Protein chains: 2
Amino acid sequence: MEKKEAKTLPYESDVCEASYVDQDKVLSVLRGMKNESVMQRIAETFKVLGDPTRTKIIYALSSAELCVCDLASLLATTRSAISHQLRILRNMRLVKYRKEGKMVFYSLDDGHIRNLFNECLRHIEEEEYDRYDTGTS
Amino acid sequence: MEKKEAKTLPYESDVCEASYVDQDKVLSVLRGMKNESVMQRIAETFKVLGDPTRTKIIYALSSAELCVCDLASLLATTRSAISHQLRILRNMRLVKYRKEGKMVFYSLDDGHIRNLFNECLRHIEEEEYDRYDTGTS
DNA sequence: CTAACAGTTGAACAATTGTTCATTTGTTTG
DNA sequence: CAAACAAATGAACAATTGTTCAACTGTTAG
C-alpha cells in the first residue's frame with residue numbers, strides 16, 4: 001500500500017486518473033458510446049476511405065463500372081497498385097466485382113458510400129466557405 | 001530511339017498505357033472527377049477520422065463538450081496522446097475549442113461531422129444485416 | 001499447345017503515423 | 001514569487017502502410 005508522495009511525481013502519470021475530471025459528464029458520455037467493436041469498425045471504414053488512391057478509386061466507381069486496367073489508366077498508376085487497393089476495398093465490402101472473361105469489372109457495393117462521400121464533400125465546401133466568411137460582422 | 005522488343009518485357013510496364021482501356025469511358029469519368037486538391041482534401045478528412053483514438057474523441061465530443069483531461073479519462077490514455085490527436089483534429093477544423101482558465105474545452109466544429117458519422121454507422125449496420133441475409137434467394 | 005494479356009499476390013522497402021517520455025507554456029492559488 | 005496543475009509540444013521509437021518489383025493464375029486467341 002505504499003503511497004507515493006506528490007513530490008515524487010515530476011510529470012503526469014501514465015493515465016489521467018486523479019485530476020479534476022468531471023466524473024458525471026464522463027460517465028454519461030461513456031454510457032452513450034457505441035461498443036468498442038463498432039467504434040473499431042467505424043474507424044476502419046474511414047481509414048480505408050482515407051487513402052488518396054482509394055478515395056479516387058471510389059470516386060471513379062461512383063460514376064461508372066470499371067476494370068482494373070481502366071482504373072490504372074485513370075489514376076496513372078500500375079495495375080498492381082490498383083489491385084492491392086481493390087482487395088482492401090473488397091474486404092471492407094465497399095466495392096463488388098463481376099468477372100467477364102479475363103477482365104474484372106468493379107463497382108460500388110451500396111449507396112451509403114456515395115452518401116458518405118457527398119457528406120464529406122459538403123463539409124469541405126462549407127469549410128472553404130467559412131474561411132472567406134470570417135472577418136465580417 | 002532504341003525500341004524495346006516485346007520479348008524484353010517479361011512483366012507489365014510502369015503504367016497502364018497500352019492495353020485495352022475503354023478510352024471513352026475513362027475520359028468521361030475523368031471529366032466528372034473533382035480536381036486533385038479536392039480529392040486530396042476528402043482523403044485527408046477520412047484519414048483523420050480513421051484513427052481509433054480520434055474516432056472515439058469525435059464520438060465523445062458529439063455528445064458533450066469535454067476537456068483534455070475528461071477525454072484522457074474516457075479513453076483511458078494519457079493527456080499527451082489526446083492533445084496530439086486534438087491538434088490534428090483542430091488543424092482539419094473538425095473540432096473547435098474554448099479556453100476557461102487553465103482548462104480547454106473541445107467540441108465539434110459543425111454538424112456535418114455528426115452526419116458523416118451517422119452515415120458511416122448506417123453503412124456498417126446494413127453490412128451486418130447483409131451478412132446474415134445472403135443465402136436466401 | 002503456346003503466346004499474350006488481365007488480374008492477383010508476396011516480399012521488400014521507404015515513408016508515414018501514433019504513442020511515450022520529457023520538457024515547456026500559461027494560468028491559478030497560496 | 002513559487003508550487004501545482006492543464007495543456008501543448010518536440011524527439012524518439014515501434015508499428016503500420018502503400019508502392020514497386022517479380023512471379024504466378026487463369027482466360028482467350030492463334
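This is a predicted model, so every value here is computed, not measured. Here is how names work: the chains are called A, B, and so on, in the same order as the sequence lines, proteins then strands, and each is numbered from 1.
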Where does the angle between the aromatic ring planes of B:Phe46 and A:Phe117 fall among parallel (under 30°), tilted (30 to 60°) and perpendicular (over 60°)?
-> tilted
Quick check: are there more than 12 heavy atoms from other residues, nucleotides or ligands sitting under 6.0 Å from CZ of A:Phe105?
-> yes
Scan B:Phe105 against the nucleic acid and name what it touches under 4.0 Å (heavy atoms): base, sugar-phosphate only, or nothing.
-> nothing
What's the CG-C1' distance between B:Leu75 and C:dT20, to the nearest Å?
-> 16 Å
Of A:Glu100 and B:Leu86, whose closest DNA chain D nucleotide lies nearer the 5' terminus?
-> B:Leu86
Could you tell me whether the side chain of B:Ser83 has a donor or acceptor atom within less than 3.5 Å of a complementary atom in the base of D:dT9?
-> no
Can you label the angle between the A:His112 ring and the B:His123 ring as parallel, tilted or perpendicular, going by 30° and 60°?
-> perpendicular
Atom CG of A:Asp70 and atom P of C:dA6: how far apart are they, to the nearest Å?
-> 11 Å
Rounded to whole angstrom units, what separation is found between the CZ atom of A:Arg98 and the P atom of D:dT27?
-> 16 Å
Do the side-chain N or O atoms of A:Arg79 get closer than 4.0 angstrom to the phosphate oxygens (OP1, OP2) of C:dA6?
-> yes
Among the candidates C:dA4, D:dA7, D:dA6, find the nucleotide nearest to the side-chain atoms of A:Lys102.
-> C:dA4
Any side-chain heavy atom of B:Leu94 within less than 4.5 Å of one from B:Asp110?
-> no
Inspect the surroundings of NZ in B:Lys34 and state if more than 12 heavy atoms from other residues, nucleotides or ligands are less than 6.0 Å away.
-> no
Give a yes or no answer on whether the side chain of B:Arg79 reaches the backbone of B:Ala72 with a donor-acceptor pair at less than 3.5 Å.
-> no
For B:Lys56, all residues meeting side chain to side chain donor-acceptor pair (under 3.5 Å), sequence neighbours excluded | A:Glu36
Between A:Tyr106 and C:dT8, does any side-chain N or O lie under 4.0 Å from OP1 or OP2?
-> yes
Report the distance from atom CG of A:Asn91 to atom P of C:dT8, rounded to the nearest whole Å.
-> 12 Å
N or O in side chain of B:Arg90 less than 4.0 angstrom from D:dA8 OP1/OP2 = yes
Atom-to-atom span, CZ of B:Arg87 to P of C:dT25 - whole angstrom | 15 Å
With 3.5 Å as the limit, what N/O pairs link the protein to nucleotides 17-19 of chain D?
{"from": "D:dT17", "atom 1": "OP1", "to": "A:Lys47", "atom 2": "NZ", "distance (Å)": "3.0"}
{"from": "D:dG18", "atom 1": "OP1", "to": "A:Arg54", "atom 2": "NH1", "distance (Å)": "3.1"}
{"from": "D:dG18", "atom 1": "OP1", "to": "A:Arg54", "atom 2": "NH2", "distance (Å)": "2.8"}
{"from": "D:dG18", "atom 1": "OP2", "to": "A:Arg54", "atom 2": "NH1", "distance (Å)": "3.4"}
{"from": "D:dT19", "atom 1": "OP1", "to": "A:Thr53", "atom 2": "OG1", "distance (Å)": "2.6"}
{"from": "D:dT19", "atom 1": "OP2", "to": "A:Gln85", "atom 2": "NE2", "distance (Å)": "2.4"}

